[in-house]
Amino acid sequence: MSVGTARTRLAVVPGMPEMEPCIVDLHRASSIRPEPIRWLWPGWLARGKLHILAGAPGVAKTTIAMHIAACVTTGSALPGGYRPTPGNVLVWSGEDDPADTLVPRLLAAGADLDRAFFVGDAREGMQVRNFDPATDIPALAVEADAVGGAALIVVDPIVSAVAGDSHKNGEVRRALQPLVTMADRLGAAVLGISHFSKGTAGRDPTERVTGSVAFGALSRVVLVAAKRLDADGGADRMLARAKSNIGPDGGGFGYAVEQIDLGDGIQASRIAWGNSLEGSARDLLCQAEADDAEAGEHRDVDSFLEDLLICGEQTAKAIYRDAEAAGYSRDQIKRAKRRLSVQTAKTGMEGGWVWRLPPEPQR
């Protein structure tokens, strides 16, 4: 209930019609009824709110989004065991084709395809053009009402919703407001997909989201995904909660990506969730990225040693000499030797040691 107004009457210019004053409504706090957060996935996705899912390329962010969407369409269990009330899902993707990529992923995750809707072209009279999330959100809200509303809206990538400079706070906030307004009216959670900016490892995860800091600031929850070396039960990736203004942050879930044959030559990826994870998103990301860097170092030195031995045994002296020339230390080569199960033998009483790869069946 409005209890007061602030009115500003503009100066009257002779010969010009008087303009209506600006009126600002004030709402007394006692007239506003407190409401609980309407969770789609408790602690992770809230109805009427904007969320960001960010991460480096190759961590299957879109596959995660399609898995969550599939669970929403059927009321299937999300990580942690919660089952949402089944609802419609709207998907706008500027990067993946629904026919050969997104629908197969929904099928692989067990979605009810009658509850999943892909945003297509926009029409103005006889003109048909590409849907522009930066300008066509109001029209999308009308169509969403016509199909019975929506519980989840996926925007991939979220930067597509910004018509102006995605690195300017003011332009990002203005561009995303219609999306937030639509989400609030529909009672839908918005999940926007984004990337990490290059060279931001170790920083606060929310600050790593590509573009203006407004993306992370406007989002009520920011989720991050990464690869990791410490794979519990085969879950070689992790999803963590980096920020939440409406609930607890931190913690996450391990996951792996599986390839599924749907028949008729159609392949699709889906998510296999692993164990829950403890700790802050920053700590979990730092560990994952440190593991990934270490894994990359391992792959390099292992490949170097394997290339040396692939054509036959070599003396340890020659291997150390070549390794030093390539920039690898003795300790690195010794660790690679253990990982590759390299065999050693002494060449006679006075000879040195030679290294060889294990027989093929043992490798």
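All values reported here derive from a predicted model rather than from experimental measurement. These values consider heavy atoms only, across backbone and side chains, with no hydrogens, waters or symmetry-generated copies.
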Using residues 67-79 as the side-chain source, report each donor-acceptor pair under 3.5 Å to any protein atom, sequence neighbours left out, with the distance given to one decimal.
{"residue": "His67", "atom": "NE2", "partner": "Trp273", "partner atom": "NE1", "Å": "3.0"}
{"residue": "Thr73", "atom": "OG1", "partner": "Ala70", "partner atom": "O", "Å": "2.7"}
{"residue": "Thr73", "atom": "OG1", "partner": "Asp112", "partner atom": "N", "Å": "3.0"}
{"residue": "Thr74", "atom": "OG1", "partner": "Ala70", "partner atom": "O", "Å": "3.2"}
{"residue": "Thr74", "atom": "OG1", "partner": "Ser76", "partner atom": "N", "Å": "3.4"}
{"residue": "Thr74", "atom": "OG1", "partner": "Ser76", "partner atom": "OG", "Å": "2.6"}

Item to complete: Apply ring-ring contact (aromatic ring centres under 6.0 Å, His included) to Phe253 and list each qualifying residue two or more places apart in sequence or on a separate chain.
Response: Trp44
Worksheet item: Where do Ile193 and Val155 land on the side-chain contact (heavy atoms from CB on, under 4.5 Å) test, with the steps shown first?
Response: CA-CA 6 Å; Ile193 310 299; Val155 183; over 6 Å; no
Worksheet item: Tell me, which pairs form a ring-ring contact (aromatic ring centres under 6.0 Å, His included) where one or both residues lie in residues 144-173, sequence neighbours left out?
Response: none
Worksheet item: Can you tell me if Arg241 uses its side chain to pair, donor with acceptor, with the backbone of Gly43 under 3.5 Å?
Response: yes
Item to complete: Please name the pair of heavy atoms, one in Val59 and one in Arg237, separated by the smallest distance, quoted to 0.1 Å.
Response: O-CD, 3.8 Å
Item to complete: Taking the side chain as every heavy atom from C-beta outward, state whether Thr62 and Asp96 have any pair of such atoms under 4.5 Å apart.
Response: yes
Discussion item. Looking at Arg321, is its backbone amide N or carbonyl O close enough to the side chain of Glu324 to form a donor-acceptor pair, meaning the two atoms are under 3.5 Å apart?
Written reply: no
Worksheet entry | Side chain to side chain, Pro57 and Phe196, heavy atoms closer than 4.5 Å | no
Discussion item. Using only atom types and a distance under 3.5 Å, with no angle test, would you say the side chain of Lys243 pairs donor to acceptor with the backbone of Gly216?
Written reply: yes
Practice prompt. Drop me the distance from Ser269's OG to Arg105's CZ, to the nearest 0.5 angstrom.
Written response: 4.0 Å
Worksheet item: How close do Ala54 and Val209 get, heavy atom to heavy atom, and via which atoms?
Response: CB-CG2, 4.0 Å
Fill in: Test item: Phe215 and Leu176 side chains (from C-beta on) under 4.5 Å apart, heavy atoms
yes
Discussion item. Just verifying a value: how many Å separate Ile246 CD1 and Ile37 CD1, rounded to the nearest 0.5 Å?
Written reply: 4.5 Å
Fill in: Lys/Arg N to Asp/Glu carboxylate O, Asp136 vs Arg129, below 4.0 Å
yes
Worksheet item: Would you say Leu305 and Val354 are hydrophobically clustered, going by side-chain heavy atoms of ILVMFWY under 4.5 Å?
Response: no
Item to complete: List in chain and number order the residues that pass side-chain contact (heavy atoms from CB on, under 4.5 Å) with Arg173, two or more places apart in sequence or in another chain; answer none if no residue qualifies.
Response: Ala214, Ala217, Leu218
Could you tabulate the donor-acceptor pairs under 3.5 Å formed by side-chain atoms of residues 180-191, not counting sequence neighbours?
{"residue": "Thr181", "atom": "OG1", "partner": "Gln177", "partner atom": "O", "Å": "2.9"}
{"residue": "Thr181", "atom": "OG1", "partner": "Gln177", "partner atom": "NE2", "Å": "3.3"}
{"residue": "Arg185", "atom": "NH1", "partner": "Asp145", "partner atom": "OD2", "Å": "2.8"}
{"residue": "Arg185", "atom": "NH2", "partner": "Asp145", "partner atom": "OD2", "Å": "3.1"}

Worksheet item: Hey, is the main chain of Val147 close enough, under 3.5 Å, to the side chain of Asn88 for a donor-acceptor pair?
Response: yes
Response to the item:
Heavy atoms of Ile333 and Ala323 approach each other most closely as CG1-CB, 3.5 Å
Worksheet item: Any side-chain heavy-atom pair from Phe304 and Asp322 closer than 4.5 angstrom?
Response: yes
Worksheet item: Between the side chain of Lys49 and the main-chain N/O of Arg38, is any donor-acceptor distance below 3.5 Å?
Response: no
Worksheet item: Would Asp236 and Tyr255 satisfy side-chain contact (heavy atoms from CB on, under 4.5 Å), going step by step from the backbone distance to the final call?
Response: CA-CA 6 Å; Asp236 59 351; Tyr255 68 95; over 6 Å; no
Practice prompt. Answer whether the closest heavy-atom distance between the side chains of Leu107 and Val103 falls below 4.5 Å.
Written response: yes
Worksheet item: Considering all heavy atoms of both residues, which atom of Ile52 and which atom of Ser194 are nearest to each other, and what is their separation?
Response: CG2-CB, 4.2 Å
Worksheet item: Distance-only, no hydrogens or angles: does the Ser31 side chain make a donor-acceptor pair with backbone N or O of Arg28 under 3.5 Å?
Response: yes
Fill in: Contact summary for Ser93 and Leu102, nearest pair of heavy atoms
CB-CD1, 3.7 Å
Fill in: Between CG on residue Leu50 and OG on residue Ser219, distance to nearest 0.5 Å
4.0 Å
Worksheet item: Are Ile310 and Leu308 connected in a single hydrophobic cluster, I mean Ile/Leu/Val/Met/Phe/Trp/Tyr linked by side-chain heavy atoms less than 4.5 Å apart?
Response: yes
Item to complete: Kindly indicate, with the supporting measurements, whether the criterion side-chain contact (heavy atoms from CB on, under 4.5 Å) is fulfilled by Lys61 and His195.
Response: CA-CA 9 Å; Lys61 299 183 292 294; His195 298 293; 3.5 Å; yes
Practice prompt. With the side chain counted from C-beta on, respond yes when Val89 and Arg115 share a heavy-atom pair under 4.5 Å apart, and no when they do not.
Written response: no
Worksheet item: In chain order, what residues pass the ring-ring contact (aromatic ring centres under 6.0 Å, His included) check against Trp355, with sequence neighbours excluded?
Response: Tyr320
Worksheet item: Would one find more than 12 heavy atoms of other residues, nucleotides or ligands at under 6.0 Å from atom CD of Glu278?
Response: no
Worksheet item: If we only count heavy atoms from C-beta on, is the Val91 to Val119 side-chain gap below 4.5 Å?
Response: no
Worksheet item: What are the two closest heavy atoms between Leu40 and Pro84, and how far apart are they?
Response: O-CB, 3.6 Å
Discussion item. Test your reading of the model: is there a side-chain donor-acceptor pair from His51 to the backbone of Leu223, 3.5 Å cut-off?
Written reply: no
Practice prompt. First locate atom CD1 of Ile158, then atom CG of Leu179, and finally report the distance between them rounded to the nearest 0.5 Å.
Written response: 5.5 Å
Worksheet item: When you look at Leu239 and Leu53, which way does the side-chain contact (heavy atoms from CB on, under 4.5 Å) test go after all the steps?
Response: CA-CA 9 Å; Leu239 176 70; Leu53 170 56; 3.6 Å; yes
Worksheet item: How far does CD1 of Ile64 sit from CD1 of Ile271, to the nearest 0.5 angstrom?
Response: 5.0 Å
Worksheet entry | same_hphob_cluster(Ile260, Leu113) at 4.5 Å side-chain heavy-atom cutoff | yes
Worksheet item: Rounded to the nearest 0.5 Å, how far apart are OH of Tyr82 and CH2 of Trp41?
Response: 12.0 Å
Worksheet item: Does any non-hydrogen side-chain atom of Leu309 lie less than 4.5 Å from one of Arg356?
Response: no
